[in-house]
Engineer: 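The following block contains the structure, expressed as structure tokens.
Note on naming: letters A, B, ... go to the chains in the order of the sequence lines (proteins, then strands), and numbering restarts at 1 for each one.
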Number of protein chains: 2
Amino acid sequence: MGKEEKKNITIADVAEALGVSKTTVSRAISGKGRIGQETRDRVLKYIEEHDYKPNVIAKGLAQSKTYNLCVVMPGDYDVVDLTFFQECLFGIQEIAGIMEYDILLSICKNNDISSLERIISNRKVDGVILMRTFVEDRQIEYLQEKKVPFVTIGSSNYTGVIQIDHNHKSACKELTSIILMKGMKRIALIGGDENHVVTQSRLRGFREAYEKMGEVIDPTMLFLNLDNHVVIDKIVEEVLERKAECILCMDDAVCSRVLKKLREKHVKVPKDIRVASFYNSSVLENNVPSITSLSFDAKELGMVACKTVLDVIEGAEVETRTLLPYEVVLKESTK
Amino acid sequence: MGKEEKKNITIADVAEALGVSKTTVSRAISGKGRIGQETRDRVLKYIEEHDYKPNVIAKGLAQSKTYNLCVVMPGDYDVVDLTFFQECLFGIQEIAGIMEYDILLSICKNNDISSLERIISNRKVDGVILMRTFVEDRQIEYLQEKKVPFVTIGSSNYTGVIQIDHNHKSACKELTSIILMKGMKRIALIGGDENHVVTQSRLRGFREAYEKMGEVIDPTMLFLNLDNHVVIDKIVEEVLERKAECILCMDDAVCSRVLKKLREKHVKVPKDIRVASFYNSSVLENNVPSITSLSFDAKELGMVACKTVLDVIEGAEVETRTLLPYEVVLKESTK
DNA sequence: CTGAAAGCGCTTACAG
DNA sequence: CTGAAAGCGCTTACAG
């Protein structure tokens with residue numbers, strides 16, 4: 001409509017149009033440095049009217065900043081609880097957006113950090129959020145070595161790591177205690193990769209509950225490091241033979257598979273055996289019966305993590321460890 | 001260990017160390033412009049040994065490029081099939097990584113494009129991949145107006161849009177035909193937001209199957225635009241009363257809810273009623289009985305979409321519409 | 001084949 | 001309070 005293809009308007013254009021220097025325009029926009037109120041208003045008015053948008057890349061180059069955050073998501077297919085990471089991502093993105101930051105995604109499959117390395121050495125981000133931690137964690141080692149600001153979602157044993165987590169230990173302790181108090185002593189604990197820090201925390205909570213109740217764990221009822229579905233199926237068989245009263249699942253993916261196996265064998269929950277999961281996600285949402293589990297606010301976790309890494313980037317002091325609250329949600333499966 | 005905190009080494013440092021100009025170093029690295037073989041080798045050797053990494057941001061500023069792609073993910077919680085988008089994202093990331101591009105994530109809730117707008121007006125990306133299309137699509141309109149290179153995953157009716165999609169129409173037509181051929185005429189079609197292009201395609205396939213088989217659709221058996229679980233539950237009741245022989249679900253989230261309701265009412269699949277879904281994802285993976293559905297390769301879709309948008313960015317000619325193949329997977333639920 | 005210089009669009013000491 | 005100039009780390013006509 002007569003509109004000509006406009007080149008992007010720059011700070012120089014604004015300066016020229018207003019008969020001031022680029023310095024002045026820059027100051028009016030950033031709010032840094034002394035500048036006359038009237039001058040500032042003129043500049044602000046002009047850029048508003050002409051829809052001027054500063055080039056963030058150029059700004060970044062001058063300031064050695066990118067206004068990007070890297071979020072590292074786990075890329076292992078089956079194990080992952082997608083909903084959790086999704087929700088978390090929403091939280092991160094919400095805060096990041098407010099602070100004018102964007103999210104660069106890195107996908108990490110079993111501790112392979114090549115994608116993260118590329119992003120860091122290309123200087124594409126100002127900080128990193130790790131969505132999952134390993135007991136032995138190459139991402140953490142790499143980031144510490146490179147002195148890149150980062151936080152982890154989930155706990156870590158590495159010293160000096162800023163961590164945002166739910167209180168998994170305490171949550172699992174509580175859920176386990178409740179089950180013990182209901183009189184079920186023969187609990188089978190299934191799932192969980194011991195290389196993940198969260199598994200360690202859950203396990204500790206599980207153990208503490210037994211101690212607190214003066215009960216003793218039957219070590220043959222612990223089934224960790226299950227790497228595939230077939231193994232889970234076999235374990236369910238075994239657990240049934242051993243007359244377990246309750247199956248406690250480390251996460252919902254495992255729980256979902258356990259429930260499938262139980263259905264196939266026509267074992268009724270909760271009549272024949274009780275089931276609970278250390279995690280709640282939409283995977284089990286539509287299950288009949290409804291499944292007792294721990295409830296965590298993943299979005300909140302993401303928001304806090306994002307806020308924290310931004311603080312770190314700006315050099316603020318932050319807590320080394322932030323623990324968010326949880327809920328125990330009792331449902332039909334443990335009635 | 002005596003190692004001093006090194007500032008990042010730049011192209012100027014390399015040039016000085018080698019006694020050549022920055023121009024020469026730049027050319028050796030980029031491979032553009034004439035340069036002596038011996039000189040190039042010297043430069044390459046030096047940067048290799050000293051672990052020099054070009055600053056992508058600076059390079060981008062000089063070339064008006066970012067080496068970033070924006071991927072727009074749907075942010076509506078319930079409706080979304082996460083696994084699909086996740087897989088797709090993996091595919092995108094895999095190709096992007098190979099081409100030295102990174103992924104900037106934008107989350108779009110019900111056609112709200114503010115996040116995308118920010119990323120575009122901040123010039124943070126060279127191109128965009130839209131993971132879901134709307135019949136009336138503000139993202140598409142915005143990107144076309146701004147002349148930003150982009151492709152859509154899923155089809156679109158806007159002219160000139162580069163689309164990568166599975167052949168949903170044809171897939172749904174085939175699955176519907178099979179069911180009709182099995183002798184089930186009373187099919188209830190459930191779910192699907194008519195604002196999504198994919199719903200339109202599926203519906204068209206459904207209709208064509210009826211036409212092909214010389215059957216007539218009972219319009220009162222179509223239940224679209226279900227926005228919440230309660231509605232689905234009610235519809236299942238209605239469908240049962242109306243003696244439907246098969247429930248066809250537009251996607252797995254809907255199907256999962258339908259199955260839940262059926263279980264609660266102790267209606268057996270496939271004995272009392274058959275069920276199939278126009279989509280396959282891990283949501284239904286552990287269901288007993290296994291569910292007949294259409295199978296699509298989401299990762300492949302992501303890979304092709306990424307490759308295509310990269311081609312568009314580089315000004316290459318690309319197909320306006322690429323349709324990927326599918327599979328019909330018959331399982332127990334329609335036996 | 002190689003280099004000096006201008007430019008990408010900002011920021012920020014420094015000087016006035 | 002304001003501006004000229006240098007700088008962020010690259011690329012790329014242009015000239016030789």
Engineer: Rounded to the nearest angstrom, tell me the gap between atom NZ in A:Lys65 and atom P in D:dG9.
Structural biologist: 16 Å
Engineer: Output yes when a side-chain donor or acceptor of A:Arg118 lies under 3.5 Å from a complementary backbone atom of B:Tyr101, and no otherwise.
Structural biologist: yes
Engineer: Using the C1' atom on both, measure D:dT12 against D:dG16 and round to a whole Å.
Structural biologist: 16 Å
Engineer: Which residue pairs pass the salt bridge (Lys or Arg N to Asp or Glu O under 4.0 Å) test with at least one member in residues 309-321 of chain B, sequence neighbours excluded?
Structural biologist: B:Lys307-B:Asp311
Engineer: When the distance from CD1 of B:Ile47 to P of D:dG9 is rounded to whole Å, what number comes out?
Structural biologist: 17 Å
Engineer: Restricting to ring pair (Phe, Tyr, Trp, His ring centres under 6.0 Å), what partner residues turn up for A:Tyr52, sequence neighbours left out?
Structural biologist: none
Engineer: Under the side-chain contact (heavy atoms from CB on, under 4.5 Å) test, which residues partner B:Ser64, sequence neighbours left out?
Structural biologist: none
Engineer: Quick one: which protein N/O atoms are closer than 3.5 Å to N/O atoms of nucleotides 1-5 of chain D? Pair and distance per line, please.
Structural biologist:
from	atom 1	to	atom 2	distance (Å)
D:dC1	OP2	A:Arg34	NE	2.7
D:dC1	OP2	A:Arg34	NH2	2.3
D:dT2	OP1	A:Thr39	OG1	2.6
D:dT2	OP2	A:Gly36	N	2.7
D:dT2	OP2	A:Thr39	OG1	3.1
D:dG3	OP2	A:Ser21	N	3.2
D:dG3	OP2	A:Ser21	OG	3.4
D:dG3	OP2	A:Thr24	OG1	2.6
D:dG3	N7	A:Arg27	NH2	2.8
D:dG3	O6	A:Arg27	NH1	3.3
D:dG3	O6	A:Arg27	NH2	3.1
D:dA4	N6	A:Thr23	OG1	2.6

Engineer: Once you round it to whole Å, what is the distance between P of D:dC10 and CG of B:Leu61?
Structural biologist: 12 Å
Engineer: For a stem of at least 3 consecutive Watson-Crick or G-U pairs with distances under 3.5 Å, i pairing with j, i+1 with j-1 and so on, which stems involve DNA chain D?
Structural biologist: C:1-3 with D:14-16, C:5-12 with D:5-12, C:14-16 with D:1-3
Engineer: I'd like to check the ring pair (Phe, Tyr, Trp, His ring centres under 6.0 Å) partners of A:Tyr158; sequence neighbours left out, ordered by chain and number.
Structural biologist: none
Engineer: Tell me if a side-chain donor or acceptor on A:Ser106 pairs with a main-chain N or O of A:Ser115 at a distance below 3.5 Å.
Structural biologist: no
Engineer: Reckon B:Tyr52 has a side-chain N or O less than 4.0 Å from the OP1 or OP2 of D:dG9?
Structural biologist: no
Engineer: Base, sugar-phosphate alone, or nothing: which one does B:Ser26 contact when heavy atoms must sit under 4.0 Å apart?
Structural biologist: base
Engineer: What integer distance in Å separates A:Ile9:CD1 from C:dC8:P?
Structural biologist: 15 Å
Engineer: Would you say D:dT11 has OP1 or OP2 under 4.0 Å from some side-chain N or O of B:Lys32?
Structural biologist: no
Engineer: Would you be so kind as to tabulate the donor-acceptor pairs closer than 3.5 Å made by side chains of residues 24-33 of chain A, with sequence neighbours excluded?
Structural biologist:
from	atom 1	to	atom 2	distance (Å)
A:Thr24	OG1	A:Ser21	OG	3.1
A:Ser30	OG	A:Ser26	O	3.2
A:Ser30	OG	A:Lys32	N	3.1

Engineer: Please enumerate all residues that pass salt bridge (charged side-chain N to carboxylate O under 4.0 Å, His left out) together with A:Glu145, with sequence neighbours excluded.
Structural biologist: none
Engineer: Which residues pass the ring pair (Phe, Tyr, Trp, His ring centres under 6.0 Å) test with B:Tyr46, not counting sequence neighbours?
Structural biologist: B:His50
Engineer: Hey, can you pull the residues of residues 115-126 of chain A with a non-hydrogen atom under 4.0 angstrom from DNA chain D?
Structural biologist: none
Engineer: With sequence neighbours left out, what residues match B:Lys45 under salt bridge (charged side-chain N to carboxylate O under 4.0 Å, His left out)?
Structural biologist: B:Glu49
Engineer: Quick one: ring pair (Phe, Tyr, Trp, His ring centres under 6.0 Å) partners of A:Phe150, sequence neighbours excluded?
Structural biologist: none
Engineer: Select from B:Gln63 and A:Ile29 the residue whose nearest nucleotide in DNA chain C is closer to the 5' end of that strand.
Structural biologist: B:Gln63
Engineer: Heavy-atom nearest nucleotide on DNA chain D for A:Ala62 versus B:Ala62: which residue maps closer to 5'?
Structural biologist: A:Ala62
